[in-house]
Amino acid sequence: MRDVTTAQPLDVQPTPLALLLLGREADPRSERGVECPGDLPSPSDPDLVERARAAKEKLGDKVFVLGHHYQRDEVIQFADVTGDSFKLARDAAARPEAEYIVFCGVHFMAESADILTTDDQKVVLPDLAAGCSMADMATAEQVAECWDVLTEAGVAEQVVPVSYMNSSADIKAFTGRHGGTICTSSNAKRALEWAFEQGEKILFLPDQHLGRNTAVRDMGLTLEDCVLYNPHKPNGGLTAEQLRDAKMILWRGHCSVHGRFSVESVKDVRARMPGVNVLVHPECKHEVVAAADYVGSTEYIIKALEAAPAGSKWAIGTELNLVRRLANRFALEGKEIVFLDKTVCFCSTMNRIDLPHLVWTLESLADGKLVNRIEVDPETEKYAKLALERMLALP
């Protein structure tokens with residue numbers, strides 16, 4: 001399969017600017033956590049694969065490795081299951097015999113796994129610096145202040161919070177305390193329908209694009225029904241009248257990967273690949289979603305490509321590791337799959353989990369040393385789980 005811009009294989013060599021995207025450099029302004037303690041094996045160690053295999057074999061049923069779709073191939077090969085964040089958390093909960101849950105994903109995903117698993121299970125994140133910039137765009141303090149703004153405007157009693165799965169445990173707990181629910185990109189419409197049955201307005205956290213796209217594209221609301229709450233401005237940058245008139249109060253957050261796709265990218269690929277099908281994730285901007293042929297979650301994207309006829313052409317707007325994996329997988333079926341953007345676009349923090357970190361984690365656990373455990377405090381867990389249970393009860 002070929003890159004849509006350079007006609008080179010999808011696994012192109014990154015430019016120096018892409019080193020951050022590959023997780024080889026850190027941006028302390030956007031990443032939570034710290035570097036992994038201890039001595040990591042060298043990335044050039046030729047025995048890394050065998051070391052990971054040996055440590056995993058030694059641990060046996062005591063360890064269960066989860067691999068998010070956006071992970072590197074070198075990590076995915078050791079995953080017992082792959083999937084999106086919520087599927088993986090539920091898979092972990094279904095394996096109570098596993099003492100260690102090694103989550104190859106990002107921080108909020110490991111938190112969700114800890115919430116849904118038993119107290120006896122220990123959730124481990126191979127690199128504590130694997131955060132999520134979107135999740136970090138909504139802090140507990142900011143959301144509490146937002147609720148005060150809504151209260152002062154006289155609308156809080158009408159508002160039901162709906163938080164995307166891609167949020168911290170603190171935000172999930174806030175949602176649970178205030179009668180709201182969690183959603184995924186697959187069931188966002190059902191979650192919003194439920195919320196509108198409970199109240200007149202929705203506070204959607206933290207991804208503005210998923211909230212806007214679901215409300216306007218899937219539910220028939222207008223862009224004028226939506227307002228954008230900016231936590232860095234007084235009163236969110238909104239007047240009391242705007243809050244009273246709005247149906248959707250969208251948090252000013254976004255995914256750094258999906259937010260970079262543009263209408264120009266869509267036009268460009270259509271010009272160079274006549275007959276191409278443009279398929280994007282609903283975390284993309286509204287104008288990109290409107291210009292695409294198909295829109296859906298990661299699981300939707302995979303299933304759409306599985307069902308696609310041989311000879312069909314697809315430009316995919318989601319994380320590059322997944323697109324590259326799908327391109328290789330379906331090339332044998334005669335399906336041409338390219339990346340929608342012109343440049344290398346990995347999830348920077350997801351890519352911090354690499355083979356050296358995984359080897360270090362598995363070998364530490366095999367030696368009886370618990371590392372990088374992710375624990376959610378009982379009070380936060382109680383209300384976050386309540387919000388998750390409301391989602392699970394959706395029809």
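The basis for the numbers below is simple: all heavy atoms, side chains too, and nothing from hydrogens, waters or symmetry mates.
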message: Which residue is it: Glu319, Glu299, Arg325? I am looking for the one with a side chain to side chain donor-acceptor pair (under 3.5 Å) to His69.
response: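 Per the side chain to side chain donor-acceptor pair (under 3.5 Å) rule, the option paired with His69 is Glu299, out of Glu319, Glu299, Arg325.
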
Give a yes or no on this: more than 12 heavy atoms of other residues, nucleotides or ligands lie within 6.0 Å of atom [atom1] of [X].
X	atom1	result
Arg51	CZ	yes
Asp61	CG	no
Asp367	CG	yes
Glu157	CD	no
Arg252	CZ	no
Lys313	NZ	yes
Glu57	CD	no
Glu145	CD	no

[X] with [Y], same ILVMFWY side-chain cluster at under 4.5 Å:
X	Y	result
Val65	Val359	yes
Phe261	Val338	yes
Trp251	Ile171	yes

So [Y] and [X], do their side chains get closer than 4.5 Å, heavy atoms only?
X	Y	answer
Ile316	Leu322	no
Thr318	His258	yes
Val123	Thr117	yes
Glu111	Ser168	yes

task: Check each of Leu388, Thr175, Val143 against Ser163 using the side chain to side chain contact (heavy atoms under 4.5 Å, CB included) test, and report the only one that passes.
output: Thr175

- prompt: Going through the checks in order, is the ring-ring contact (aromatic ring centres under 6.0 Å, His included) test met by Tyr229 and Phe204?
  reply: CA-CA 10 Å; Tyr229 184 94; Phe204 194 89; over 10 Å; no

[X] side, atom [atom1]; [Y] side, atom [atom2] - distance, nearest 0.5 Å:
X	Y	atom1	atom2	value
Phe108	Leu125	CZ	CG	11.0 Å
Asn187	Leu192	CG	CG	9.5 Å
Glu363	Lys369	CD	NZ	12.0 Å
Leu243	Leu238	CG	CG	5.0 Å

query: If you measure only the distance, is there a donor-acceptor pair under 3.5 Å linking the side chains of Ser265 and Asp268?
result: no

query: Would you say the side-chain atoms of Asp136 and Ser133 include a donor-acceptor pair closer than 3.5 Å?
result: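 Checked: Asp136/Ser133 side chains show no N/O donor-acceptor pair below 3.5 Å.
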
task: For the pair Phe174 and Trp147, evaluate ring-ring contact (aromatic ring centres under 6.0 Å, His included) and give the outcome as yes or no after the intermediate values.
output: CA-CA 10 Å; Phe174 166 88; Trp147 199 256; 5.7 Å; yes

Kindly say whether [Y] contributes a backbone atom to a donor-acceptor pair with the side chain of [X] at under 3.5 angstrom?
X	Y	answer
Asp127	Ile353	no
Gln121	Arg95	yes
Gln142	Pro231	no
Asn213	Pro282	yes
Glu152	Val149	no

query: Between Lys285 and Glu287, is a salt bridge (Lys or Arg N to Asp or Glu O under 4.0 Å) present by the stated rule, with each step listed?
result: CA-CA 6 Å; Lys285 297 173 183 176; Glu287 58 267 26; 5.0 Å; no

